[in-house]
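Lettering follows sequence order; numbering is per chain, from 1.
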There are 2 protein chains.
Amino acid sequence: MARRSEHSQEEIKAMILSAAELIVAEQGGSALTVRKIAGQIGYTVGSIYMVFDNMADLVLHINARTLDHIATHLEQTRDCTGALGIEAFAKAYLSYARQHLNRWRLIFDYHLPEDTPIPLWYQAKIEAVFGLVEAQFAQLDRNCPEAGRKHAARTLWAGVHGVCVLSLNGTLGAVGVNDVEDSVVLLARHFIRGWMGSGPVQA
Amino acid sequence: MARRSEHSQEEIKAMILSAAELIVAEQGGSALTVRKIAGQIGYTVGSIYMVFDNMADLVLHINARTLDHIATHLEQTRDCTGALGIEAFAKAYLSYARQHLNRWRLIFDYHLPEDTPIPLWYQAKIEAVFGLVEAQFAQLDRNCPEAGRKHAARTLWAGVHGVCVLSLNGTLGAVGVNDVEDSVVLLARHFIRGWMGSGPVQA
DNA sequence: ACCTGAACACCGTTCAAGT
DNA sequence: ACCTGAACACCGTTCAAGT
């Protein structure tokens, strides 16, 4: 058997990614197995290893697509500027995480082995998302030195992410915070107010 | 075979938890298996199911101990009060996460099945940690209504947690943030400044 | 009552063998 | 060159059977 050549390697890669994303979306990251993917695309397990190094490599490619998806989602929040723009961004990030919970979770749930570094092409995807936030910060205070702005943008975004994480895994709910949207807005608003009021920015 | 009665159920439970914590600390959460635990304590796999419902139940008990551990670690930051006290808390949380990375991660990495709710005794452990942060907030502004303070404390803490998550999984590093301690302090400081300056607190 | 050990239904990954 | 299918070394969980 073998040598079917019904699909090119690129086509198979695309089929695997689509099938994998569907499984993740519908059943969560822990339900993602090579056997399930193989079954859905009509190939055997071995064929998946023709086009991906291993499961970690496959997940990384799924996550890269999700990061693109998130960036697109955030970009649609183009109407607002300044502090309100950042609040809108934060709300958009939360709404993405809610609507695509399992895909969003996979980005942070899957730890690649300690020794393997994050590939550069993947780092660029992360950078793209953070870059959007930073652009909003740039509109906020044009006098601020770039280094300080970058740091502030990344810090706030990590914070917004944290609120999303703890609310969507039930921790914040267990502790009496029911309206998460209020929380992300609260965090963004007060942080920005504090940041703007700090004059020449230090540490 | 069977009926050894060398150890009471409670003793076995304690042995399992100790062994499990060591495996997690040394090899990470993904290396935690019932077979490995059983081997280390000198019992067979089946015996673990005498004292724990399943893996999820066991992990929950490990995490409960970690939450206690975190609370103790935070409580040792008793010297500072006010805004500096909260910054010290944030630094202490980060330092705990760094020193006990694998144990800390397990709390958020292990998702219990969608339908099973968080047990009340476990919610209380989470509440205890958040409660410490809230107590620091109470010193900050005694006039603030309790609801607003609670919300602010939980929001900021989720934010601090987010900075820790993204830095310790390499995301922030990939994006140019090298001094995480600066980030947690920046988040806490600006958030508090913005919050204090907001007068009668609204959403 | 306590504990074993084998079984069951899964995993990811590899690779000789077929076309 | 492309793909299979069986094998290998693992998983969590269950449960009849032994003491």
Side-chain angles (χ1 to χ4, degrees), chain A residues 1-17 19-21 23-24 26-63 102 106 109-116, chain B residues 1-17 19-21 23-24 26-63 102 106 109-116:
Chain A
M1 45 224 67
R3 197 160 180 61
R4 315 189 330 191
S5 289
E6 292 167 9
H7 305 278
S8 72
Q9 304 277 101
E10 281 310 314
E11 283 171 329
I12 292 177
K13 207 162 182 168
M15 290 160 67
I16 291 171
L17 283 171
E21 277 172 352
I23 292 166
V24 170
E26 289 178 346
Q27 310 173 52
S30 64
L32 187 69
T33 70
V34 283
R35 283 172 170 82
K36 214 178 273 184
I37 297 168
Q40 294 227 344
I41 66 169
Y43 278 78
T44 58
V45 279
S47 62
I48 288 172
Y49 291 85
M50 297 184 340
V51 288
F52 290 105
D53 294 342
N54 47 42
M55 208 58 177
D57 185 35
L58 169 55
V59 170
L60 214 59
H61 281 83
I62 298 173
N63 288 345
N102 289 338
L106 191 66
D109 282 356
Y110 202 92
H111 306 300
L112 48 167
E114 198 68 46
D115 50 343
T116 56
Chain B
M1 44 223 60
R3 196 157 181 64
R4 314 187 337 191
S5 290
E6 292 167 9
H7 305 277
S8 70
Q9 304 277 101
E10 280 310 313
E11 282 172 328
I12 293 177
K13 208 163 182 167
M15 289 161 68
I16 291 171
L17 283 172
E21 277 172 352
I23 293 166
V24 170
E26 288 178 347
Q27 311 173 53
S30 63
L32 187 69
T33 69
V34 283
R35 283 172 169 81
K36 213 177 276 184
I37 297 168
Q40 294 227 345
I41 66 169
Y43 277 78
T44 58
V45 280
S47 63
I48 289 173
Y49 290 86
M50 295 183 344
V51 288
F52 290 105
D53 293 342
N54 46 42
M55 207 58 177
D57 185 35
L58 169 56
V59 170
L60 214 59
H61 281 83
I62 298 172
N63 288 344
N102 288 339
L106 191 66
D109 281 357
Y110 202 92
H111 305 302
L112 48 167
E114 197 68 47
D115 49 342
T116 56

Any side-chain N or O of B/Gln9 less than 4.0 Å from the OP1 or OP2 oxygen of C/dA1? no
Mind listing the side-chain donor-acceptor pairs of residues 51-62 of chain B below 3.5 Å, one per line with the distance, residues two or more places apart or on another chain?
unit_1  : atom_1 : unit_2  : atom_2 : d
B/Asn54 : OD1    : B/Ala56 : N      : 3.2
B/Asn54 : OD1    : B/Asp57 : N      : 3.0
B/Asp57 : OD1    : B/His61 : ND1    : 3.4
B/Asp57 : OD2    : B/Asp53 : N      : 3.0
B/His61 : ND1    : B/Asp57 : O      : 2.8

Could you work out, with side-chain hydrogen bond (donor to acceptor under 3.5 Å, both in side chains) as the rule, every residue matching A/Asp109, not counting sequence neighbours? B/His111
May I ask you to verify if any side-chain N or O of B/Tyr49 is less than 4.0 angstrom from the OP1 or OP2 atom of D/dG12? no
To the nearest angstrom, the CD-C1' distance between B/Glu6 and D/dT19 comes to 14 Å
Do any N or O atoms of the protein come closer than 3.5 Å to N or O atoms of nucleotides 8-11 of chain C, and which pairs are they?
none

Mind listing the residues from residues 51-61 of chain B sitting with a heavy atom below 4.0 Å of DNA chain D? Number order is fine. B/Asn54, B/Met55
Rounded to whole angstroms, how far apart are CD on A/Glu11 and C1' on D/dC3? 16 Å
Could you tell me how far apart B/Ile41 (CD1) and C/dC3 (C1') are, to the nearest whole angstrom? 11 Å
Whole Å only: how far is the NZ atom of A/Lys13 from the C1' atom of D/dC2? 16 Å
Within the structure, does a side-chain N or O atom of A/Tyr43 lie under 4.0 Å from either OP1 or OP2 of D/dC3? yes
Between CD on residue A/Gln9 and CD1 on residue A/Ile12, distance to nearest 0.5 Å: 5.5 Å
Anything under 3.5 Å between a donor and an acceptor, one on a side chain of residues 36-47 of chain A, the other on a protein residue two or more places apart or in another chain? List them.
unit_1  : atom_1 : unit_2  : atom_2 : d
A/Lys36 : NZ     : A/Gln27 : OE1    : 3.2
A/Lys36 : NZ     : A/Ala31 : O      : 3.1
A/Tyr43 : OH     : A/Arg4  : NH2    : 3.3
A/Ser47 : OG     : A/Thr44 : O      : 2.6

Rounded to the nearest 0.5 Å, how far does CG of A/Asn102 lie from CD1 of A/Ile23? 12.0 Å
Rounded to the nearest angstrom, tell me the gap between atom CE in A/Met50 and atom C1' in D/dT4. 11 Å
Partner residues of B/His7 under the side-chain hydrogen bond (donor to acceptor under 3.5 Å, both in side chains) criterion, sequence neighbours left out: none
Checking all strands, does A/Ile12 fall into the base, sugar-phosphate, or nothing category for heavy-atom contacts under 4.0 angstrom? sugar-phosphate
Value in whole Å for how far the C1' atom of D/dA1 lies from NE2 of A/His7: 17 Å
Per-nucleotide pairing state of DNA chain D [Watson-Crick or G-U, under 3.5 Å; [ ] pseudoknot-crossing; | other strand]: ||.|||||...|||||.||
When rounded to the nearest 0.5 Å, the distance separating CD of A/Glu26 from CG of A/Leu32 is 12.5 Å
Qualifying residues under salt bridge (charged side-chain N to carboxylate O under 4.0 Å, His left out), relative to A/Glu10, sequence neighbours excluded: none
